[in-house]
Number of protein chains: 2
Amino acid sequence: MDIDQQLLAAAERLFDRNGFNATGMGKLVREARLSSRTVYKHAGNKNALMARVLAERHRRFFEHTDFSTTTALFDSLAEWFAAEGIRGCLFFRAEAETGGDIPEIAAEVAAYHRELTERIADLVVRETGQADAQLADQILALFEGATTAATYRGAAVIEAARTCACQLVNARARP
Amino acid sequence: MDIDQQLLAAAERLFDRNGFNATGMGKLVREARLSSRTVYKHAGNKNALMARVLAERHRRFFEHTDFSTTTALFDSLAEWFAAEGIRGCLFFRAEAETGGDIPEIAAEVAAYHRELTERIADLVVRETGQADAQLADQILALFEGATTAATYRGAAVIEAARTCACQLVNARARP
DNA sequence: CTCAATGTAAAACGATCGTTTTACATGCGT
DNA sequence: ACGCATGTAAAACGATCGTTTTACATTGAG
């Protein structure tokens with residue numbers, strides 16, 4: 001299905017760069033070089049398309065990101081932004097734009113957040129030898145904060161967050 | 001100007017809860033209990049109204065927030081969310097929804113970010129005796145990250161971020 | 001008393017929204 | 001060769017968008 005990839009890629013790019021509500025289906029149809037009939041046949045409707053964009057982003061993000069060590073986690077984030085541009089977290093933005101009122105979208109956002117917190121919790125166990133909810137929350141905050149603050153402070157924030165997160169983990173390192 | 005306050009309050013509440021683009025002027029007029037004629041006489045147009053909402057939010061946020069110590073900073077954030085609800089940073093959301101394409105809005109967002117980073121830089125100088133760009137970026141990341149992550153993890157993230165930020169500052173405390 | 005300012009209520013503006021439909025072309029399996 | 005699925009191009013749908021306008025009420029100052 002080349003068409004599905006074409007559609008998803010155009011939708012992700014437009015939604016990410018210009019916002020969900022600000023991106024009309026007309027502009028999307030034009031940019032994807034498809035007819036509206038085909039778009040609606042493949043995507044159903046705009047909300048479902050947004051949900052599929054988030055699902056695809058979810059898959060691609062966790063495929064890219066290395067959760068094996070704290071250093072690798074933040075290095076992956078820096079690489080992601082170097083390749084994709086720094087516009088903050090698409091999941092948070094989707095939730096905010098829709099007020100959490102569209103179930104299909106809220107579900108994708110929740111799934112992303114669930115996996116992100118789980119992976120960080122696992123990372124903490126792996127690096128310190130025990131679960132530590134507060135440490136996991138701190139790394140999560142640094143991760144989210146680097147994602148947001150980098151939009152106006154640049155990549156230096158990611159490096160700063162990485163340094164901080166590694167210090168936290170090392171201070172509790174497996175003896 | 002009771003009308004200005006009425007209008008600004010309704011606009012801030014609707015924009016914050018439901019998003020900027022998802023909030024139509026019709027709904028806003030209804031909720032503010034004003035005529036559309038009066039709204040446009042006072043606000044000019046929707047973009048200017050959004051900009052004024054951000055300017056008012058900016059004023060109110062820095063009026064509320066205590067930048068005198070790191071602990072106080074994060075405590076202020078927790079209080080803000082306890083009073084206003086946890087929906088993430090309105091400035092970041094405004095910038096994301098508009099793609100940075102509306103100058104009046106981009107300017108207000110930039111002004112907020114400028115003051116936030118300045119205040120944190122000053123806080124670092126005050127608590128450690130010297131400027132430290134990386135430390136300031138770390139506190140900024142923790143602050144932004146707590147704001148974002150609290151939307152789905154709750155207030156515990158703010159407490160975790162506060163603990164982390166205070167450790168960072170204490171490790172570099174004035175000798 | 002009058003005039004100008006300021007407000008409301010409601011209709012109307014053209015534009016654009018998300019979505020469906022009509023009409024037609026193409027290719028593929030039986 | 002036929003029929004059906006799948007695509008395009010484009011018109012049309014009602015709804016809603018941001019904004020302006022028309023018609024009228026209230027009020028405070030000169």
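Lettering follows sequence order; numbering is per chain, from 1. Worth knowing before you read on, the calculation uses all heavy atoms, side chains too, and leaves out hydrogens, waters and symmetry mates.
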### Task
Starting from C1' on C:dT20, measure out to CE on A:Met25 and report it in whole angstrom.
12 Å
### Query
Can you tell me how far C1' of D:dG18 sits from CD1 of B:Ile102, to the nearest Å?
13 Å
### Query
Expressed in angstrom and rounded to an integer, what is the separation of B:Asn18 atom CG from D:dT16 atom P?
16 Å
### Message
Pairing donors with acceptors under 3.5 angstrom, does anything connect the side chains of B:His58 and B:Glu115?
### Response
yes
#### Entry: Residue among B:Arg17, B:Arg52, B:Arg57 satisfying salt bridge (Lys or Arg N to Asp or Glu O under 4.0 Å) with B:Glu12
B:Arg57
### Message
Is the distance between the ring centroids of B:Tyr152 and A:Phe92 under 6.0 Å?
### Response
no
### Query
Looking just at side-chain N and O atoms, do B:Glu95 and B:Tyr112 make a donor-acceptor pair shorter than 3.5 Å?
no
#### Entry: A:Lys46 NZ - C:dC17 P separation (whole Å)
8 Å
### Query
Are A:Gln138 and B:Thr163 close enough that a side-chain donor and a side-chain acceptor fall under 3.5 Å?
no
Pairs under 3.5 Å (N/O, protein and nucleotides 6-9 of chain C):
from	atom 1	to	atom 2	distance (Å)
C:dT8	OP2	B:Ser35	N	3.4
C:dT8	OP2	B:Ser35	OG	3.0
C:dT8	OP2	B:Thr38	OG1	2.1

### Distance, rounded to the nearest Å, where A:Arg30 contributes CZ and C:dG18 contributes P
12 Å
### Summary
Rounded to whole Å, NZ of A:Lys27 lies from P of C:dA15 at a distance of 18 Å
### Query
D:dT21 C1' sits how many Å from B:Tyr40 OH, rounded?
13 Å
### Query
Is the shortest distance from a Lys or Arg side-chain nitrogen in B:Arg172 or B:Glu127 to a carboxylate oxygen in the other one below 4.0 Å?
no
### Message
If I take atom CG in residue B:Asn21 and atom P in nucleotide D:dG18, what distance separates them, rounded to the nearest angstrom?
### Response
8 Å
